[in-house]
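Okay, so here's the structure we're looking at.
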Amino acid sequence: MRLRQLEMALERLEGFPHPSPALEQYRTPAVLAARLLHHAWSRGDIAGKAILDLGCGTGILTCGAMLAGASRALGVDVDTAALAVAEENARHLEVAVTFLQADIADHGKIAGDGPYDTAVMNPPFGAQKPHADRPFIDAALAHAPVVYGIFNVGSILFLESYVSGRAEITDVVKARLPLRRTFRFHRDEVREIPVEIARMVRC
Ligand code: SAH
């Protein structure tokens, strides 16, 4: 799978119709989504695997996982408007994925479509609601033995202690998140935030 090809396919996808600040709805830019998926693919965690995308939003990671050769992919989000766009995006890319409207803490509902080999997520960073990423980490580790997440730079130490005894962080990939002005309180048109993609493996 070629990184650039994946990036180009994902660039065509639609984003959030009405992004909610409370839900920290930022679409992962294609370049970063492709980076995560390509790294996971190169580690053997995507091709032929069942993928769970937590807080899938408009489905860029869910759809991208299928383009990278996943056997199936489920995207979970609370927001029905985002999921409607995700369905459109999947149709546009001609990938067969499933979307589930649920809170990521609803373990029963999510387990119903399992089991999953790999979880991927770009969780809320907790800018609006402190520790908003924690239930995402908990859910991901509850459902999949291998987890990829995008985190604020400098979060890895916290992450290491948070998952201690449950998982090990095996890879950290440094990347940049080009953030377009999404909400009124954003001052710049585009701001680059350094982020880290972490791979965790359940103990
Ligand atoms: N993964 C997407 C969206 C990232 S934004 C992408 O990469 O583009 C974070 C997403 O998490 C939003 O779509 C938001 O609706 C969703 N979300 C936030 N809290 C949630 C919760 N408790 N349960 C399910 N989804 C949630």
Run the side-chain contact (heavy atoms from CB on, under 4.5 Å) test against P123 and tell me which residues pass, sequence neighbours left out. M121, D133, F136, F151
Donor-acceptor contact below 3.5 Å, side chain D117 vs main chain A50: yes
Are L6 and I150 connected, step by step, through hydrophobic side chains (Ile, Leu, Val, Met, Phe, Trp, Tyr) whose heavy atoms are closer than 4.5 Å? yes
Quick one: do F158 and V201 end up in the same hydrophobic cluster if we chain Ile, Leu, Val, Met, Phe, Trp and Tyr together by side-chain heavy atoms under 4.5 Å apart? no
Interatomic distance, L61 atom CG to R27 atom CZ [nearest 0.5 angstrom]: 11.0 Å
side-chain contact (heavy atoms from CB on, under 4.5 Å) partners of A65, counting only residues at least two apart: L37, I51, A70
Taking every non-hydrogen atom, the tightest pair across N152 and S155: O-OG, 2.5 Å
Tell me, with the steps shown, if H92 and R12 meet side-chain contact (heavy atoms from CB on, under 4.5 Å). CA-CA 9 Å; H92 186 71; R12 301 202 311 259; 3.7 Å; yes
Atom pair CD1/CG of I60 and L10 - distance to nearest 0.5 Å: 4.5 Å
Would a 4.5 Å heavy-atom cut-off, applied to side chains only, mark D138 and Y162 as touching? yes
Pair E11 + R4, salt bridge at N-O below 4.0 Å: yes
Hey, what do you get for CD1 (I156) to OG (S161), rounding to the nearest 0.5 Å? 11.0 Å
Going only through I, L, V, M, F, W and Y residues with side-chain contacts under 4.5 Å, is there a path from V76 to L141? yes
Got a sec: does the CD of E192 have more than 12 other heavy atoms crowding it under 6.0 Å? yes
Transitively linked via ILVMFWY side-chain contacts under 4.5 Å: I169 with V120? no
Which value, rounded to the nearest 0.5 Å, describes the distance between C203 atom SG and E168 atom CD? 5.5 Å
Side-chain contact, heavy-atom cut-off 4.5 Å: L159 with M200? yes
Check: L23 main-chain N/O paired with S20 side-chain donor or acceptor under 3.5 Å: yes
Can we say D103 and K109 salt-bridge, meaning some charged N sits less than 4.0 Å from an Asp/Glu carboxylate O? no
Joint cluster assignment, M66 & I46, ILVMFWY side-chain distance < 4.5 Å: yes
Could you tell me which non-hydrogen atom of G48 sits nearest to which non-hydrogen atom of S71, and how far apart they are? O-OG, 3.4 Å
Residues Q25, D79; criterion side-chain contact (heavy atoms from CB on, under 4.5 Å); working and verdict: CA-CA 10 Å; Q25 289 185 325; D79 184 14; 2.8 Å; yes
Is there any ring-ring contact (aromatic ring centres under 6.0 Å, His included) pair reaching into residues 101-134, and which pairs are they, with sequence neighbours excluded? H107-H143
Closest non-hydrogen atoms of G59 and F99, given as atom of the first, atom of the second and distance, are CA-CE2, 4.1 Å
Minimum heavy-atom distance between L93 and C63, given as atom pair plus value: CD1-CB, 3.7 Å
Under 3.5 Å, is there a donor-acceptor pair linking the side chains of D77 and Q101? no
Measuring from E7:CD to R2:CZ, what's the distance to the nearest 0.5 Å? 11.5 Å
Roughly how far apart are L74 CG and L52 CG, rounded to 0.5 Å? 6.0 Å
Which atom pair, heavy atoms only, marks the closest approach of A68 to W41? O-CD1, 3.3 Å
Not counting sequence neighbours, which residues clear side-chain contact (heavy atoms from CB on, under 4.5 Å) with A175? List them please. L32, R35, V195, I197
For the residue pair P124 and A132, what are the closest heavy atoms and their distance? CB-CB, 4.0 Å
Sub-4.5 Å side-chain heavy-atom contact between L83 and C56: yes
Contacts of T62 meeting side chain to side chain donor-acceptor pair (under 3.5 Å) (sequence neighbours excluded), chain-then-number -> D53
Identify, with sequence neighbours excluded, every residue that meets side-chain contact (heavy atoms from CB on, under 4.5 Å) alongside R43. H39, D45, Y148, T170, D171, R199
